[in-house]
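Within every chain, numbering begins at 1; the chains are lettered A, B, ... in the order of the sequence lines, protein sequences first and strands thereafter.
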Protein chains: 4
Amino acid sequence: MSINVVTLVGRVGSDPDMKYFESGKVKCQLRLAVNRRSRSDEPDWFTLELWGKTAEVAGNYVKKGKQIAVKGSLKFDSWSDRNTGITRSSPIIQVDQLELLGSKRDADNDMGDDNFS
Amino acid sequence: MSINVVTLVGRVGSDPDMKYFESGKVKCQLRLAVNRRSRSDEPDWFTLELWGKTAEVAGNYVKKGKQIAVKGSLKFDSWSDRNTGITRSSPIIQVDQLELLGSKRDADNDMGDDNFS
Amino acid sequence: MSINVVTLVGRVGSDPDMKYFESGKVKCQLRLAVNRRSRSDEPDWFTLELWGKTAEVAGNYVKKGKQIAVKGSLKFDSWSDRNTGITRSSPIIQVDQLELLGSKRDADNDMGDDNFS
Amino acid sequence: MSINVVTLVGRVGSDPDMKYFESGKVKCQLRLAVNRRSRSDEPDWFTLELWGKTAEVAGNYVKKGKQIAVKGSLKFDSWSDRNTGITRSSPIIQVDQLELLGSKRDADNDMGDDNFS
DNA sequence: TTTT
DNA sequence: TTTT
């Protein structure tokens, strides 16, 4: 395999989308907002794919609004458009390391504040 | 801006596509093949965008088949589909560093070989 | 220059060490604790060097205990040991991008708590 | 574990230093020269540590002068100076992916290349 | 669709 | 010397 390394820091746009397969495998998809240099620019939105234990950690601790850092690689998923039959591809960040950022406080919404709800 | 770092090593799929703007700016687009772990898998093909001096270096030294390493960030370019009017986006590696790999010999295609045709 | 990319996420061990040169240049040094896989292991401590605008941001917003992400490259600084005269070198992360992590709340120590003292 | 990602491209300074442990583990150490921006500057020399299958690949295919790309993380090894008893530490790149660069020709200087067949 |  |  060639060198293909991606590191991103951003905020998660919605709660994790978990899939539990009959094989026992676990998959988690997240959408991550990564800001551009200018605050007035729209962020780039990336689709992250996590498997196994990393997916389970995400399922347990990542929520909408949570700030995370990820390391992974960039892939393309190919799929056939239902209507047109045209093959399309969409970029996916295959995550192999996930780090939850901010203090526990950030995630907990303690003391009545509710920034991330 | 958030942390958004991509590092790739691969081989260029065709000669550089250069654009010289009236403003004096220079842009280069390349398609890069990055192998997956298994050689039997198809590689991922990425679109690279280079500007300014980095673009000029690419224009002068990168040719089809050339092995390169790049550092940059991952963005999405949005555009409106001419036929359907639907807004689509395609991922772009915005390159801020380019490194030419292999010996000069590799690039020269001496001895009549042409690996990627 | 060859590809030399480092991305780190960690917590700062002490307040920033700022130096203002007569030339107008600004330099900031930080010590960053980056945890290893096992929580029982000691973290790795890295020396970060920031210049110019990035240094000033660090001087204004980074404090002891602050969580940050940085992108940069790994260098060695050489220096002569005063006592022995032996040339030593120490690794330095030359930072070209700094991102402050956590909510504003984390840094502000609001509500009377003082997690990082 | 925190995010700690290093990507380097450079040339190896000497043949691989292999160690085969009784446990069956294999370790390979390499010294890698990574050029700075200016060609007149001395390169930075990094110590790489590879284990297991990656170490064996290095042992079989990496030679002095070989161009490689690596992905890994930055650690410090601590050791006690024999003479002074002072604890010193030296930075190590823990490699988890190795990519051999250039054509087979580069390393071998043969004429009958067959890179992609 | 996230945040500051 | 930081945090959880």
Of all pairs that satisfy side-chain hydrogen bond (donor to acceptor under 3.5 Å, both in side chains), the ones with a partner from residues 47-57 of chain A, not counting sequence neighbours: Arg31(A)-Thr47(A), Glu49(A)-Trp51(A)
Figure out the [atom1]/[atom2] separation between [X] and [N], and round it to whole Å.
X	N	atom1	atom2	result
Arg11(C)	dT3(F)	CZ	P	7 Å
Glu42(A)	dT2(E)	CD	P	11 Å
Leu98(C)	dT4(E)	CG	C1'	15 Å
Glu99(C)	dT4(E)	CD	P	13 Å
Gln67(C)	dT2(F)	CD	P	15 Å
Arg37(C)	dT3(F)	CZ	P	23 Å
Tyr61(A)	dT4(F)	OH	C1'	11 Å
Asp41(A)	dT3(E)	CG	P	19 Å

Other residues, nucleotides, ligands: >12 heavy atoms within 6.0 Å of Arg88(C) CZ: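 More than 12 heavy atoms, drawn from other residues, nucleotides or ligands, come within 6.0 Å of this atom.
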Side-chain donor or acceptor of Asn4(A) paired with backbone N/O of Leu74(A) under 3.5 Å: yes
Results of side-chain hydrogen bond (donor to acceptor under 3.5 Å, both in side chains) for Ser2(D) - residues two or more places apart only: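 Ser2(D): side-chain hydrogen bond (donor to acceptor under 3.5 Å, both in side chains) contacts with Glu99(A).
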